[in-house]
Amino acid sequence: MSEEKMREKDSTEAQENPNLEDCLKLLKGERDEQRLAGLLLVTNFCKAQDHSSLRRVYDAVGPRFLYRLLRTGLGSSLNENRDAYLSLSITVLAAFCRLPDIASSEDMLFNIPLVLEVIPTQSGSSLLQECYEFLYLVSAAPGNGITRFCESGGIKVLASQMTVLQDGSYLMEVSFKLLQLILGRMPLDIIQNNDLSDIPIIVAAIARQFAVLHNSLKFEALHLLNVILTSKDSSQLREALQLLPQESWSHNIRTGIMAVLQNRVAPAERLQALILAESMVSMHGEAWLVSQVNTNDARDPASADMCLLLVLEQSRVEIAVLLNELAYLKYEAPQDTSATAEAIFSKRHNVAVAYSLVEKIIKLISNVEENGGNLLDEGTLRKVILQLNETIAVVLEYLEDAKEHEQKKGDDLLASVRIIGSYLAEAPLACKEKVQDLLGYMLYIEGEDEQRPFYSVCFLLPMLSQITMKIEGCKALASCKGIEAVLDCFNKFVGSNAFLEDNGCIFLACDTILNLLLKKDKVHTMLDESAIVHLLKALAYWTDNTDEMSSMMMASSICALVFEYTSEEALLNRPDFNYSTLRSLYVIIARCLTSSEQDTKEDMDLSEIVSSGDYDSLDGLIGTPVSEKLSRTDFDPLNLDFQLPRYSLLKGSDDMM
């Protein structure tokens, strides 16, 4: 560019901005009146996008004068110009903070508490917008803006303001942006510790926006709710939210979720809606999906079961899509690449959310009668069961694909077994043929951190205990060597002392074992001596550590049936079995027989099994025949005096295991 053209350009800029130099002279003046006049002139012609001019003005006026001007505007004096000073200071501060280096400066951070003090006094004022813009710009800039905002009570101010701001307003949008910055830069547990009483108010305000808006801000609300409610550190917050009236926020979230799921929105947003639904169900229980709130709000004409049906349908779709994508990534996509690994991790996380929702819906329909029988009508129940059948069929196909690729290890596979087990516990004959084909495979699936199959068997035990009540089910389990998996699971469960807290899984395993033993002649079930020894030792350990008669009766029943497989001589000749174990088992059997008069109705069948056992082959263990001693009415099993033969010392000590 020639020198002549450069002079012409400078002349043109001077004509377009003739007052800047005069303003700068005033801003550099010694008297406050001069600086005020300069700032007033600047606001008339200096554009917010003109960063170069803003920089020159800021350097000329200096941060100290701006701070004094703001303090004067906040002062309690009767100065008739106080409001004008306040408006001017906030306006120019917001403008200057469009420059990131100014916004991140300590001088601007120093103004945050003062601007927060202004906000409650400016309800409905146009100045409020500039206050929010200043706070957002300072918080978004690099540095400690967010920390200073929170330390200055910014969250409390946000909470009080969001409850009164107009739905979908610009100020609400800026409030959302501020919250996104806060949640992105500060751990939720720290926020909870300092502002626990304010966060539920903010959640309720966001929930309302999620329900009533129909623009992009609705999805911002959805994402914010997910960040807050799905955080690992949200336990305190969830407790605080329980204290709020549910119609003030929980109902709004349900309304918003239904709006997202029944309208044409991006798949990613539908997934976010499911994530939020899963969080709400975890917090309030499965009945939340069908809760009906009495309201006159015209925006909620949906029936009580609409949310349930929408969530289940979308979960089914997500599971089908995600499992298909997972199968491609695992078996066809290039392996050992970071992109594939990240994609698999993401898909697994998302499918876990959909699985969780389906499991909770299964639990809901299983408790329909328990909840009064009026949660779901017959038509809705049919729709739910139809969709659940379709979902389980898709999951079984995924496992079938994994079996063909000889994959047995993976948390996604284990989660698939879990959801199948949950449904089959309620509908053991669902997808019957495919389940039987995959039963042996499913029993030996391992999670990523498992060395041997355990949880897969636990997940299937409710179904196994039911199908083995019939010959066909016993044959299906025996044909795939499932009895070995069940025995191994039982032994591991007893060895971990888990039964001290929950006997449920152990009893399911025992029911399954008992069913198989009772039908051994028709099923041709065979147990090798090693399996028998491990089972008997586990039964002895279990009953030695419990005083529950139901546990003892179950263990005694299994012992009575197992003894038909073996003899005393065979057991005692094994190096991994000793008299101590055998004695423990006979103590329990004796105790069960002498307590049969007090049996509950549930224990009567077990008592008959114990009573019908043939113990004569083991009479050599004690002086008096076992059958005679156990039948004596004056016999006290707790004082049973065993006289072991002398040769027992040659076999090993009593505490040998």
Open item on the list: Before you tell me yes or no, could you show the steps for E359 and R418 under salt bridge (Lys or Arg N to Asp or Glu O under 4.0 Å), namely the whole-Å CA-CA distance, both residues' side-chain angles and the distance that decides it to 0.1 Å?
Closed with: CA-CA 9 Å; E359 283 193 67; R418 172 171 171 157; 3.0 Å; yes
Any side-chain heavy atom of [X] within less than 4.5 Å of one from [Y]?
X	Y	value
L464	L439	yes
I467	L477	no
E318	V351	no
L310	I257	no
L429	L424	no
Y398	L413	yes
K363	E426	no
F563	L536	yes

Does any donor atom in the side chain of [X] or [Y] lie under 3.5 Å from an acceptor atom in the other side chain?
X	Y	value
S282	E278	yes
T380	D377	yes
T391	Y423	no

Would you give the length of the straight line joining atom [atom1] of [X] to atom [atom2] of [Y], rounded to the nearest 0.5 angstrom?
X	Y	atom1	atom2	answer
I445	I420	CD1	CD1	7.5 Å
L399	Q407	CG	CD	12.0 Å
M554	F507	CE	CZ	5.5 Å
E390	I319	CD	CD1	12.0 Å
N350	L271	CG	CG	4.5 Å
T543	M553	OG1	CE	12.5 Å

Would the distance check show the side chain of [X] and the main-chain N or O of [Y] forming a donor-acceptor pair, the cut-off being under 3.5 Å?
X	Y	value
K537	D576	yes
H349	F345	no
R254	L289	no
Q335	L329	yes
K522	I471	no
S456	L414	no
N226	Q272	yes
N545	Y541	yes
D488	E484	no
S479	A476	yes

If you count heavy atoms of other groups shown closer than 6.0 angstrom to [atom1] of [X], is the number above 12?
X	atom1	value
K475	NZ	no
E332	CD	yes
Y455	OH	no
R574	CZ	yes
K520	NZ	yes
R270	CZ	yes
Q451	CD	no
K409	NZ	yes

- [ ] Give the C-alpha distance, both sets of side-chain angles, the deciding distance and a yes or no for salt bridge (Lys or Arg N to Asp or Glu O under 4.0 Å) between E286 and K360.
- [x] CA-CA 6 Å; E286 299 77 22; K360 288 176 169 63; over 6 Å; no
Task: Step-by-step side-chain contact (heavy atoms from CB on, under 4.5 Å) determination, L461 to S465 - done: CA-CA 6 Å; L461 279 176; S465 66; over 6 Å; no
Open item on the list: Would you call the rings of F493 and F454 parallel, tilted or perpendicular, taking 30° and 60° as the class edges?
Closed with: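 F493 vs F454 ring planes: tilted.
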Open item on the list: Which residue is it: L229, V353, L274? I am looking for the one with a side-chain contact (heavy atoms from CB on, under 4.5 Å) to S279.
Closed with: L229
TODO: Test side-chain contact (heavy atoms from CB on, under 4.5 Å) on S250 and W288 and set out the steps.
DONE: CA-CA 9 Å; S250 175; W288 179 85; 2.6 Å; yes
Basic-acidic side-chain contact under 4.0 Å: [X], [Y]:
X	Y	answer
E472	K432	yes
E400	K403	no
D412	K330	yes

Open item on the list: Checking E448 against R348 for the salt bridge (Lys or Arg N to Asp or Glu O under 4.0 Å) test, could you report, in this order, the C-alpha distance in whole Å, the side-chain angles of both residues, the deciding distance, and whether it holds?
Closed with: CA-CA 13 Å; E448 295 289 352; R348 282 176 171 172; 3.6 Å; yes
TODO: Go through the steps for L357 and L312 under the test side-chain contact (heavy atoms from CB on, under 4.5 Å), then give the verdict.
DONE: CA-CA 8 Å; L357 279 168; L312 178 56; over 6 Å; no
- [ ] Kindly determine whether Y355 and V395 satisfy side-chain contact (heavy atoms from CB on, under 4.5 Å), including the steps that lead there.
- [x] CA-CA 10 Å; Y355 274 2; V395 179; 3.6 Å; yes
- [ ] Only counting residues at least two apart or in another chain, list the ones meeting side-chain hydrogen bond (donor to acceptor under 3.5 Å, both in side chains) with K347.
- [x] E325
TODO: For E313 and R316, run salt bridge (Lys or Arg N to Asp or Glu O under 4.0 Å): C-alpha distance rounded to whole Å, both residues' side-chain angles, the deciding distance at 0.1 Å, then the answer.
DONE: CA-CA 5 Å; E313 168 62 17; R316 182 189 65 79; 2.9 Å; yes
Open item on the list: Can you give me the closest heavy-atom contact between C510 and F490, atom names plus distance?
Closed with: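 The answer is SG-CE1, 3.5 Å.
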Task: Nearest non-hydrogen partners of A320 and V394, listed with the distance - done: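 In terms of heavy atoms, the two residues are closest at CA-CG1, 3.8 Å.
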